[in-house]
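Because only heavy atoms are used, hydrogens play no part in the values below, and waters and symmetry mates are left out as well, while side chains stay in.
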Amino acid sequence: MVRFLLKRLLLAVSVLLAVSIVSFLMFFALPRDPVTGMCPKNCNAERMERVRTELGLNDPKPTQYANYMKGIFVGRDLGSAQGGECEAPCLGYSYVNSEAVSDTFARVLPVTLNIVLPAAVLWLALGVGLGMISALRRGSLLDRVSIGLTLTFASLQLYFVGALLLLIFVYTLKILPTPRYVPFLDNPVEWARGLVLAWVTLALLFSAIYARLSRAQMLETLSEDFVRTARAKGVAKRKVYGRHALRAAITPIVTIAGIDVGAALGGTVITETTFGIQGLGRTAVEAVRQGDLPTIMATVLISALFVVVANIVVDLLYAYIDPRVRLG
């Protein structure tokens with residue numbers, strides 16, 4: 001297990017290093033001068049040159065990249081014009097927001113985490129639970145109704161469902177307040193009331209996909225030889241379905257769930273835009289529109305980190321979910 005984990009960590013570091021190099025070449029090696037986006041229109045040439053020197057933009061590209069990576073691990077000095085010392089992990093300086101990118105992420109990243117993680121619990125519980133029950137009662141009324149519902153929700157778009165829920169529960173019935181983020185420790189009730197529509201919207205759409213996937217996997221597993229053998233030996237149905245069939249069927253679902261959660265943590269752009277919540281996804285969209293290159297690059301790195309970590313967690317879970325999997 002330890003050897004496997006070390007291999008996965010080394011691979012993760014290699015992937016993140018490659019992503020950082022590619023994103024740096026894409027954004028910082030472009031001929032566009034980022035100082036022109038930071039200075040106001042009346043910024044003279046002398047001030048622009050001073051800022052360019054303090055940011056190290058006159059240095060060779062390899063030196064700029066090395067300084068950027070140094071800032072992530074040990075911090076770096078951004079110069080007096082950018083607030084001086086930037087503590088690790090320093091992700092650069094936002095020319096548009098006039099603050100360190102790490103400060104921006106410290107403000108918006110908790111918002112995205114509070115949207116995605118509770119929604120993921122909901123869509124996995126609803127989707128996997130409904131799919132498993134439908135598979136065990138194949139051909140029943142419940143199975144046919146669940147198939148119809150999953151097909152319906154899987155064909156809908158997130159911005160449509162979100163806008164519809166806003167219209168019903170916020171503007172018409174006025175049961176819920178306008179979606180907003182309130183820290184959990186400040187007020188748990190308002191935290192839930194402000195984000196529940198985002199959770200439900202994501203859960204409805206994702207659970208439809210997981211219900212269909214888990215139903216198909218469960219039906220396939222129930223036809224395997226080891227399940228028929230367990231039944232022939234007189235093992236109780238609950239034990240056959242729960243201990244044997246479910247554990248075998250859920251392995252590919254865990255794989256896709258890890259990818260989906262990791263990608264969603266990288267930025268729920270449509271969800272945050274639909275509900276007007278300022279999280280990582282909406283910040284990334286605004287950075288692209290405003291040409292905020294350091295924020296864009298940091299978003300790419302953070303998104304890649306979430307996906308890599310999610311895949312490592314999924315690989316480690318295999319050993320506990322499916323006894324057929326052996327980690328070496």
Scan L117, V111, T112, L113 and name whichever one has a side-chain contact (heavy atoms from CB on, under 4.5 Å) with I115.
-> V111

Applying the side-chain contact (heavy atoms from CB on, under 4.5 Å) test to V313, which of L316, L317, N311 qualifies?
->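 Per the side-chain contact (heavy atoms from CB on, under 4.5 Å) rule, the option paired with V313 is L317, out of L316, L317, N311.
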
In the single-linkage hydrophobic clustering (I, L, V, M, F, W, Y; side-chain heavy atoms under 4.5 Å), do [X] and [Y] co-cluster?
| X | Y | answer |
| --- | --- | --- |
| M132 | L124 | yes |
| V309 | I312 | yes |
| L219 | V227 | no |
| L9 | F73 | yes |
| F160 | W199 | yes |

Which atom of [X] lies closest to which atom of [Y], heavy atoms considered:
| X | Y | value |
| --- | --- | --- |
| R76 | N67 | CD-O, 3.8 Å |
| L280 | L109 | CD2-CD1, 4.0 Å |
| V314 | V254 | CG2-O, 3.5 Å |
| W191 | P118 | CZ2-CG, 4.3 Å |
| E272 | G281 | OE1-N, 3.0 Å |
| T150 | A208 | O-CB, 3.4 Å |

Any side-chain heavy-atom pair of [X] and [Y] under 4.5 Å:
| X | Y | result |
| --- | --- | --- |
| I209 | L205 | no |
| V307 | I259 | no |
| L156 | L164 | no |
| M297 | Y68 | yes |
| V116 | T271 | no |
| P179 | L166 | yes |
| T295 | E286 | no |
| L16 | L301 | no |

With distance as the sole test, does [X] use its side chain to make a donor-acceptor pair with the main-chain N or O of [Y] at under 3.5 Å?
| X | Y | value |
| --- | --- | --- |
| Y210 | A257 | yes |
| S94 | N97 | yes |
| R282 | G276 | yes |
| S223 | E220 | yes |
| S140 | R137 | yes |
| R144 | G139 | yes |
| T268 | A264 | no |
| T172 | L167 | yes |

Crowded around [X] [atom1]? As in, over 12 foreign heavy atoms under 6.0 Å?
| X | atom1 | answer |
| --- | --- | --- |
| F169 | CZ | no |
| R228 | CZ | yes |
| E87 | CD | no |

Drop me the distance from [X]'s [atom1] to [Y]'s [atom2], to the nearest 0.5 angstrom.
| X | Y | atom1 | atom2 | answer |
| --- | --- | --- | --- | --- |
| R107 | S102 | CZ | OG | 10.5 Å |
| L130 | R215 | CG | CZ | 10.0 Å |
| S214 | I250 | OG | CD1 | 8.5 Å |
| L91 | D103 | CG | CG | 10.0 Å |
| I253 | M218 | CD1 | CE | 9.5 Å |
| R193 | T178 | CZ | OG1 | 10.5 Å |

Take the angle between the ring planes of W123 and F206 and call it parallel below 30°, perpendicular above 60°, tilted in between.
->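 Parallel: the ring planes of W123 and F206 meet at under 30°.
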
Checking side chain to side chain contact (heavy atoms under 4.5 Å, CB included) for the pair L195/I277: CA distance, chi angles, key distance, verdict?
-> CA-CA 9 Å; L195 298 177; I277 303 174; 3.8 Å; yes

